[in-house]
Amino acid sequence: LAKTTQPISMDSYEGQEVNITCSHNNIATNDYITWYQQFPSQGPRFIIQGYKTKVTNEVASLFIPADRKSSTLSLPRVSLSDTAVYYCLVGDILSDSWGKLQFGAGTQVVVTP
Amino acid sequence: DTAVSQTPKYLVTQMGNDKSIKCEQNLGHDTMYWYKQDSKKFLKIMFSYNNKELIINETVPNRFSPKSPDKAHLNLHINSLELGDSAVYFCASSQVGGPDRSSYNEQFFGPGTRLTVL
């Protein structure tokens, strides 16, 4: 299972773009990259998933370079409600081992006015 | 219309007691999980069941015993509670091997159960 490394915390102001980079140097061919968001006192929730290049949805964008050894979650124009912990997971989503993925400690993003 | 529900939301108990946390999902998923989140927000998987069969059992003391009466329920029973068991426990479910909404194997989490052992 690919090991991931992401910053412990990031601070931002409202209206700015927040980019969180996750390193996964030993990513395997069948691995996907998935990001979850966890608000205080809630369970994590899925926000975006990708395999290569760029993926965008209504919440975020995910940029994955050609070598796939890292990925960047981009949150455009953050608001106070984007204050949360963001987890990067890498693994074969179609394999039984997917469930063994550890969420780790994630990146605490704090947005201030 | 809650997708994954857990009861109770809060659980305060004395060391040495036995307690259970219940989890139910109405998403029709085949796979359910239990996670433990400590005070440093580290979220660690404990167990995973697929169609009532245990498929993942991480290094967890045998005081923790999951029970899956059917694929919509995965309960967690904890014997002889210790101070170090204090944490937030999350139940989750997913459908392995196929698209689920916009992703493959997206996990849906319950609201969590905050366990405090005194």
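Numbered from 1 within each chain, the chains take letters A, B, ... in sequence-line order. The figures here come from the full heavy-atom set of this structure, side chains too, leaving out hydrogens, waters and symmetry mates.
Hydrophobic cluster of B:F47: the remaining members, joined at side-chain heavy-atom separations below 4.5 Å, are B:L11, B:M15, B:I21, B:M32, B:W34, B:M46, B:Y49, B:L54, B:V60, B:F64, B:L74, B:L76, B:I78, B:L81, B:L83, B:Y89, B:L115, B:V117, listed by chain and number.
Put simply, the side chain of A:Y87 reaches to within 4.5 Å of the side chain of B:K41, judged on heavy atoms. Side-chain contact between B:Q107 and A:Y36 is present, with at least one heavy-atom pair separated by less than 4.5 Å.
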What donor-acceptor contacts under 3.5 angstrom involve side-chain atoms of residues 104-113 of chain A, with partners at least two apart or in another chain?
{"unit_1": "A:T107", "atom_1": "OG1", "unit_2": "A:Q6", "atom_2": "NE2", "d": "2.9"}
{"unit_1": "A:T107", "atom_1": "OG1", "unit_2": "A:P7", "atom_2": "O", "d": "2.5"}
{"unit_1": "A:Q108", "atom_1": "NE2", "unit_2": "A:A84", "atom_2": "O", "d": "3.3"}
{"unit_1": "A:T112", "atom_1": "OG1", "unit_2": "A:S12", "atom_2": "O", "d": "3.4"}

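Linking Ile, Leu, Val, Met, Phe, Trp and Tyr residues whenever their side-chain heavy atoms come within less than 4.5 Å places A:V59 and A:I64 in a single cluster. Note: the hydrophobic cluster containing A:I8 does not contain A:L75 (ILVMFWY, side chain heavy atoms under 4.5 Å, direct or indirect links). Side-chain heavy atoms closer than 4.5 Å link hydrophobic residues (I, L, V, M, F, W, Y) into clusters, and following such links, possibly through other members, connects A:W35 to A:M10.
The CZ atom of B:F109 sits 8.0 Å away from atom CD of A:Q38, with the distance rounded to the nearest 0.5 Å.
No side-chain donor-acceptor contact under 3.5 Å links B:E106 and A:Q49.
Residue B:Q6 does not touch chain A at all, counting heavy-atom pairs closer than 4.5 Å.
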